[in-house]
Asker: 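The structure under discussion is supplied below as structure tokens; questions concerning it will follow.
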Number of protein chains: 2
Amino acid sequence: MGVEKYPEALEFILHWGEMGTHWGANRSVAQVHALLYLSDQPLDAEAICEALDLARSNVSTALKELQGYGIVRRTHIPGDRRDHFTAETELWDLFMAITAERKRREIDPTIAKLGELKDRMAANKDLPAHVRERIGRMHEFIANLTGWYEQVRGLKKSTLIALMKLGAKVARFIPGSKD
Amino acid sequence: MGVEKYPEALEFILHWGEMGTHWGANRSVAQVHALLYLSDQPLDAEAICEALDLARSNVSTALKELQGYGIVRRTHIPGDRRDHFTAETELWDLFMAITAERKRREIDPTIAKLGELKDRMAANKDLPAHVRERIGRMHEFIANLTGWYEQVRGLKKSTLIALMKLGAKVARFIPGSKD
DNA sequence: TAATCATTTCGATTTTTACAGAAATTACGA
DNA sequence: TCGTAATTTCTGTAAAAATCGAAATGATTA
């Protein structure tokens, strides 16, 4: 029996769908993800359609999107011609995959644009100084934040988890931080 | 003269507007924010309308939204009846305000929902174990991440900046991390 | 307190996005 | 290689969100 028949599971799927619309996905994509996340066996597209009452084409698009994020993968079931799909269940990996892809789609283009503007501003002499300064600072800020993210994301999972557990106590290692 | 007349400033505003639509705001909100961010003087609503070619009502709504995020404030100009508005220019504060508000709107309700489901699942004996387990782990994961965020966000700005500069080198303080 | 100016709220319109269903393509097996 | 099953792409429609303009509300000062 499909997990969507259990009220708590269904509510999870519906809530995930709603939140997904605020997190840069659409309802269908988030619902499909939630269903696969709760399922302990790979599901084929048709089963997803029936569970969520979505059109086949819609599910196809959603699956492609989720695979683009790297959080759903195709798995082959021997003796079955249809594709089956499984979601990432390791939440740390899920989180990392989503942040990486969102950065790529939403942050990188902005850094590139601001970099381009910075170059052009250098040549434009009658641009007010404060405009140059503010666009420049924004570029620097986002680039710094992103650079930090790239470094930290490269750390071992166990290190990251240890850092999380440390919480605000990391401040101890910053000389003179006192907070 | 309004900054929007300078091509680089205008491009910044337009790009910010487009990206805003991916970041949970609408185009108008993000454009108004960008304009105010680049302006070195407070602007009144009418000036914003003209600069961005937006309806007065639309600008009113956008300003309310930005004030809700705590990244735009009303400033009074002596001898002028109209409200004037200024954007946060300290980028660290801007970033902190946005993350705090998005957490409040988008994460907290999910934690609450998952907590509620967890309670109900405890009572529902015929729910498959793996469903209980996965919803429970999701709740725990998001709550942990959020708890970490709350702790770190409470640190002094100078401490946070020092931690950023440290980058991946924080790992040194985790015994046996070796990465 | 009346008149004017500023702001917000509301309803209508436009634009954008999501979604369904049909058509086309691809993969597979007989 | 032909036929069938599976998947994707395309096109139109429906739903949702953004935006406008008008009307209502609120504020200021003459």
Side-chain angles (χ1 to χ4, degrees), chain A residues 13-36 42-69 72-86 102 105-106, chain B residues 13-36 42-69 72-86 102 105-106:
Chain A
I13 291 167
L14 296 179
H15 180 86
W16 210 244
E18 290 314 310
M19 295 321 283
T21 65
H22 296 287
W23 295 339
N26 64 46
R27 187 177 287 102
S28 308
V29 168
Q31 284 186 359
V32 170
H33 173 255
L35 175 66
L36 289 173
L43 299 180
D44 65 83
E46 194 56 45
I48 297 172
C49 291
E50 282 164 23
L52 302 177
D53 195 30
L54 296 174
R56 182 65 187 75
S57 55
N58 195 9
V59 169
S60 177
T61 308
L63 288 167
K64 203 165 67 168
E65 175 76 356
L66 290 165
Q67 287 171 283
Y69 270 97
V72 160
R73 59 183 177 283
R74 288 180 14 183
T75 68
H76 220 67
I77 298 239
D80 195 329
R81 204 161 145 162
R82 294 166 296 181
D83 291 336
H84 287 67
F85 299 90
T86 318
R102 294 200 65 173
R105 295 186 189 187
E106 301 167 17
Chain B
I13 292 167
L14 296 179
H15 180 86
W16 210 243
E18 291 315 310
M19 295 321 284
T21 65
H22 297 286
W23 295 339
N26 64 47
R27 188 178 286 103
S28 308
V29 168
Q31 283 186 358
V32 170
H33 173 255
L35 176 65
L36 289 172
L43 299 179
D44 64 84
E46 193 57 44
I48 297 172
C49 292
E50 283 163 22
L52 302 177
D53 195 29
L54 297 174
R56 182 68 186 74
S57 55
N58 195 8
V59 169
S60 176
T61 308
L63 287 167
K64 204 165 65 170
E65 175 76 356
L66 290 166
Q67 287 170 283
Y69 270 97
V72 159
R73 59 183 178 284
R74 287 182 14 184
T75 67
H76 219 66
I77 297 240
D80 195 329
R81 290 173 63 157
R82 295 166 295 179
D83 292 337
H84 287 66
F85 300 90
T86 318
R102 294 200 65 171
R105 296 186 190 187
E106 301 167 18

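Residue numbers begin at 1 in each chain, while the letters A, B, ... track the order of the sequences. The structure presented is a predicted model; accordingly, all values stated were derived computationally and were not measured.
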Asker: List the steps and the verdict of side chain to side chain contact (heavy atoms under 4.5 Å, CB included) for Leu66(A) and Val29(A).
Answerer: CA-CA 7 Å; Leu66(A) 290 165; Val29(A) 168; 3.7 Å; yes
Asker: On DNA chain D, reading 5' to 3', which nucleotide is the first and which the last to sit with an atom under 4.0 Å from a heavy atom of chain A, could you check?
Answerer: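 Contact boundaries, 5' end first: dT4(D) to dT9(D).
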Asker: So His84(B) and Arg74(B), side chain to side chain contact (heavy atoms under 4.5 Å, CB included) or not? Walk me through it.
Answerer: CA-CA 6 Å; His84(B) 287 66; Arg74(B) 287 182 14 184; over 6 Å; no
Asker: Please determine if a side-chain N or O atom of Asn26(A) lies less than 4.0 Å away from the OP1 or OP2 oxygen of dC19(C).
Answerer: yes
Asker: Using the side chain to side chain contact (heavy atoms under 4.5 Å, CB included) rule, take Leu63(A) and Leu36(A) through it: C-alpha gap first, then chi angles, then the decisive distance, then the call.
Answerer: CA-CA 10 Å; Leu63(A) 288 167; Leu36(A) 289 173; 4.0 Å; yes
Asker: Counting the atoms with a prime plus P, OP1 and OP2 as sugar-phosphate, which does Thr21(B) contact under 4.0 Å by heavy atoms, base, sugar-phosphate, or nothing?
Answerer: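 Nothing, no heavy atom under 4.0 Å.
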Asker: Measure the distance from CG on Leu52(A) to P on dA18(C) and round it to the nearest whole Å.
Answerer: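 The answer, rounded to whole Å, is 17 Å.
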Asker: Can you tell me if CG on Asp80(B) sees more than 12 non-hydrogen neighbours from other groups inside 6.0 Å?
Answerer: yes
Asker: Under the rule for salt bridge (charged side-chain N to carboxylate O under 4.0 Å, His left out), what residues qualify as partners of Arg56(A), not counting sequence neighbours?
Answerer: none
Asker: What's touching nucleotides 6-12 of chain C from the protein side, N or O pairs under 3.5 Å?
Answerer:
residue : atom : partner  : partner atom : Å
dT7(C)  : OP1  : Asp83(B) : N            : 2.6
dT7(C)  : OP1  : Asp83(B) : OD2          : 3.4
dT7(C)  : OP2  : Arg56(B) : NH2          : 3.0
dT7(C)  : O5'  : Arg56(B) : NH2          : 3.4
dT8(C)  : OP2  : Ser60(B) : OG           : 2.8
dT9(C)  : OP2  : Lys64(B) : NZ           : 2.9

Asker: Is any side-chain N of the basic residue among Arg105(B) and Glu65(B) closer than 4.0 Å to the acidic one's carboxylate O?
Answerer: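 Yes.
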Asker: How do Val29(B) and His76(B) order along DNA chain D: which one's closest nucleotide is nearer the 5' end?
Answerer: Val29(B)
Asker: From CD of Glu18(B) over to C1' of dT16(C), roughly how many Å is that when rounded to an integer?
Answerer: 12 Å
Asker: Roughly how far apart are Arg27(A) CZ and Ile13(A) CD1, rounded to 0.5 Å?
Answerer: 14.0 Å
Asker: So, do Arg73(B) and Gln67(B) sit near enough that their side-chain heavy atoms are less than 4.5 Å apart?
Answerer: no
Asker: Between P on dA18(C) and CH2 on Trp23(A), what's the gap in Å once rounded to a whole number?
Answerer: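 That distance rounds to 17 Å.
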